[in-house]
Amino acid sequence: MGGSDPAGGQAASQDTPRAICFVGDVHGFYDKLLRLWANLQLKLGGAAFRTALVVFLGDYCDRGPQTRQVIDFLLSLPARYPEQRHVFLCGNHDLAFSAFVGALTPPIDGSPFSETWAEYASNEEREGWFRGDGYERMHLQGRRWGGAIRDRWNYKRGSEYMGSIYDAAPTFESYGVPHGSIELATAVPEEHKKFLSDLVWIHEEDGVLIDTAEGRTRCKLIAVHAGLERDKPIDQQLRALRSRDTRISKVEALSGRQNVWTIPKELEGEKPTIIVSGHHGKLHLDGLRLIIDQGGGTEESPIAALVLPSQLIIRDDD
């Protein structure tokens, strides 16, 4: 999923650091993704685009109508752009999709996925968790993803849920099966299941440059779909994310909100750390905390990307 060259390695000199592009949540909008990709190529120029590190921030599925085409496009990139590096982060929607179709990595201790249910069992009736064939072996988030939510109106967003609390119905339909059908597990091609299974929960990189009001700064980069929790020890969080610990019922770094919004104080030390995320339905640049999700999975909003070191924002509708 990624090459071994460090940022700014053979692909760039000290004077011209390698471009790093962070692509916000796509959510099944293939046409927007194609336009954004064309705009990245146009605005970065030949060499910078050809050798860029491209980090996709997760949530490739749900809400939009073309999840299958989105994943086909992402799978094609390494062969089409062999000098680029590509990192595909796992979003909370992708984890749940993986869980439903049997592509989620089993717990490292051999425990059954059913052990993830108890913590949130009081939500089962309201959220309409999936109870069809195979549910006994499914991670909590797969059951939530493939279920049918009882109250169809999403008051926070002001629109109806699309099938489940994850708005998963368009993903089922993109593979030619109705929402909630266990037949999705056979309709999804094996290469798509492998893509989902291989998604990383965190990307870390040293020596990343960013232009700020104080000048160009060399930082450590942490890219994670939602962010890092404020009040949990960083080492504990990083271990769980690096190992993709599927014993966890709800991975806050992939699905949290206010608890992952800011940079944890533990990382505000001598070594500056950039944290880049999608997930939040906002474009928010605050010092070294960068959130790139202008689209939020809605038809009317653009998909955005951020380029480092310049902090240039590029959108599909530019």
Worksheet item: How many angstroms lie between CZ in R216 and CG in D211, if you round to the nearest 0.5 Å?
Response: 4.0 Å
Worksheet item: Mind checking whether R247 and F113 have side chains closer than 4.5 Å, heavy atoms only?
Response: no
Practice prompt. Mark yes or no for whether R218, through its side chain, and G207, through its backbone, hold a donor-acceptor pair below 3.5 Å.
Written response: yes
Worksheet item: Taking atom types as modelled and ignoring hydrogens, do the side chains of H93 and D62 form a donor-acceptor contact shorter than 3.5 angstrom?
Response: yes
Discussion item. Going by the rule side chain to side chain donor-acceptor pair (under 3.5 Å), which residues pair with T262 if we only count those two or more places apart in sequence or in a different chain?
Written reply: none
Worksheet entry | Straight-line distance of T298 OG1 to I303 CD1, nearest 0.5 Å | 10.0 Å
Worksheet item: Are Y135 and W117 close enough that a side-chain donor and a side-chain acceptor fall under 3.5 Å?
Response: no
Discussion item. Looking only at the side chains, is there a donor atom on one of N154 and E160 sitting less than 3.5 Å from an acceptor on the other?
Written reply: no
Discussion item. Could you tell me if the side chain of V276 sits less than 4.5 Å from the side chain of L221, heavy atoms only?
Written reply: yes
Fill in: Contacts of T67 that satisfy side chain to side chain contact (heavy atoms under 4.5 Å, CB included) - sequence neighbours left out
C61, I71, F97, T171, S174, Y175
Worksheet item: Can R63 and E299 be counted as an ion pair, charged N to O under 4.0 angstrom?
Response: no
Discussion item. Contact between L75 and E191 at the side-chain level, heavy atoms closer than 4.5 Å - yes or no?
Written reply: yes
Practice prompt. State yes or no: do V200 and V251 share one hydrophobic cluster built from I, L, V, M, F, W and Y residues joined by side-chain heavy-atom distances below 4.5 Å, directly or via other members?
Written response: yes
Fill in: Minimum side-chain heavy-atom gap W201-V224 below 4.5 Å
no
Fill in: Residues that T116 engages under side chain to side chain contact (heavy atoms under 4.5 Å, CB included), provided they are two or more places apart
H139, L140, S249
Fill in: side chain to side chain donor-acceptor pair (under 3.5 Å) partners for T212, two or more places apart
E214
Item to complete: Would you confirm whether E266, through its side chain, and I234, through its main-chain N or O, come within 3.5 Å as a donor-acceptor pair?
Response: yes
Fill in: Transitive ILVMFWY side-chain link M162 to Y166, under 4.5 Å
no
Fill in: SB check E127 R143 (cutoff 4.0 Å)
no
Discussion item. Enumerate the ring-ring contact (aromatic ring centres under 6.0 Å, His included) contacts for residues 212-262, please, sequence neighbours excluded, ordered by first and then second residue.
Written reply: H225-H279, W261-H280, W261-H284
Worksheet item: What heavy-atom pair brings C21 and L40 nearest, and what distance separates the two atoms?
Response: SG-CD2, 4.3 Å
Worksheet item: How long is the gap from CD on Q237 to CZ on R242, to the nearest 0.5 Å?
Response: 11.0 Å
Practice prompt. State plainly whether the residues D317 and R315 are in salt-bridge range, i.e. N to O under 4.0 Å.
Written response: no
Worksheet item: Centres of the F88 and F56 rings: under 6.0 Å?
Response: yes
Practice prompt. If a pair satisfies side-chain hydrogen bond (donor to acceptor under 3.5 Å, both in side chains) and one of its residues is in residues 95-109, list it, with sequence neighbours excluded.
Written response: D109-S111
Response to the item:
Interatomic distance, CD1@I291 vs CG@L306, rounded to 0.5 Å, equals 12.0 Å
Worksheet item: Is any side-chain heavy atom of R80 closer than 4.5 Å to a side-chain heavy atom of F73?
Response: yes
Worksheet entry | Residues forming a side chain to side chain donor-acceptor pair (under 3.5 Å) with E136, sequence neighbours excluded | none
Worksheet item: Q69: what forms a side chain to side chain contact (heavy atoms under 4.5 Å, CB included) with it, not counting sequence neighbours?
Response: Y30, Q66
Practice prompt. Determine whether D231 and P264 make a side-chain contact, defined as any pair of heavy atoms from C-beta on separated by less than 4.5 Å.
Written response: no
Worksheet item: Ignoring hydrogens and geometry, is there a side-chain-to-backbone donor-acceptor pair from D293 to G281 under 3.5 Å?
Response: yes
Discussion item. Between R144 and E124, is the salt bridge (charged side-chain N to carboxylate O under 4.0 Å, His left out) condition met? List the steps.
Written reply: CA-CA 8 Å; R144 296 177 77 223; E124 179 173 2; over 6 Å; no
Fill in: Charged N-O contact under 4.0 Å between D245 and R239
no
Fill in: Test: E125 and R150 ion pair at under 4.0 Å
yes
Fill in: Donor-acceptor contact below 3.5 Å, side chain H27 vs main chain P65
no
Worksheet item: Considering all heavy atoms of both residues, which atom of D198 and which atom of R244 are nearest to each other, and what is their separation?
Response: C-NH1, 3.5 Å
Worksheet item: Could K220 and E205 be called an ion pair, given the rule that one side-chain N must be under 4.0 Å from one carboxylate O?
Response: no
Worksheet item: For Y161, which residues count as a ring pair (Phe, Tyr, Trp, His ring centres under 6.0 Å) partner, sequence neighbours excluded?
Response: none
Practice prompt. Using atom types as modelled and distance alone, determine if a side-chain donor or acceptor of R230 lies under 3.5 Å from a backbone N or O of Q258.
Written response: yes
Item to complete: Answer yes if F22 and L285 sit in the same cluster of Ile, Leu, Val, Met, Phe, Trp and Tyr residues linked by side chain heavy atoms under 4.5 Å apart, and no otherwise.
Response: yes
Worksheet, complete the sentence: The salt bridge (Lys or Arg N to Asp or Glu O under 4.0 Å) partners of K32 (sequence neighbours excluded) come to none
Discussion item. Could you check whether E190 pairs with K193 (Lys NZ or Arg NE/NH1/NH2 to Asp/Glu carboxylate O, under 4.0 Å)?
Written reply: yes
Worksheet entry | Contacts of E229 that satisfy salt bridge (Lys or Arg N to Asp or Glu O under 4.0 Å) - sequence neighbours left out | K232
Fill in: N259 side chain to R257 backbone, donor-acceptor under 3.5 Å
yes
Item to complete: State, to 0.1 Å, how close S255 and A226 come at their nearest heavy-atom pair, and which atoms those are.
Response: N-CB, 3.8 Å
Fill in: Test item: S181 side-chain N/O and P178 main-chain N/O as donor-acceptor pair under 3.5 Å
no
Worksheet item: Looking at residues at least two apart in the chain, or sitting in another chain, which of them share a side chain to side chain donor-acceptor pair (under 3.5 Å) with D151?
Response: none
Worksheet item: When the ring centroid of Y120 is compared with that of W129, is the distance short of 6.0 Å?
Response: no
Worksheet item: So which heavy atom on A240 is nearest to which on I248, and how close?
Response: CB-CD1, 4.0 Å
Discussion item. With heavy-atom distances below 4.5 Å as the criterion, would you say the side chains of E204 and L238 are in contact?
Written reply: yes
Worksheet item: How many angstroms lie between atom CG of L288 and atom CD1 of I222, to the nearest 0.5 angstrom?
Response: 11.5 Å
Worksheet item: Do you know which two heavy atoms are closest between L308 and L209, and how far apart they sit?
Response: CB-O, 3.8 Å
Practice prompt. Decide salt bridge (charged side-chain N to carboxylate O under 4.0 Å, His left out) for K43 and D318; before the verdict, give the C-alpha distance in whole Å, the side-chain angles of both, and the deciding distance to 0.1 Å.
Written response: CA-CA 10 Å; K43 296 198 175 188; D318 287 344; 3.4 Å; yes
Worksheet entry | Side-chain donor/acceptor of D25 to backbone N/O of D59, under 3.5 Å | no
Fill in: Verify same cluster id: W37, V70 (apolar side-chain graph, 4.5 Å)
yes
Worksheet item: Side chains of I263 and T273: does their closest heavy-atom pair fall under 4.5 Å?
Response: no
Fill in: Nearest heavy-atom neighbours spanning P272 and T217
CG-CG2, 4.1 Å
Practice prompt. Would you check if the side chain of Q84 reaches a backbone N or O of F49 as a donor-acceptor pair within less than 3.5 Å?
Written response: yes
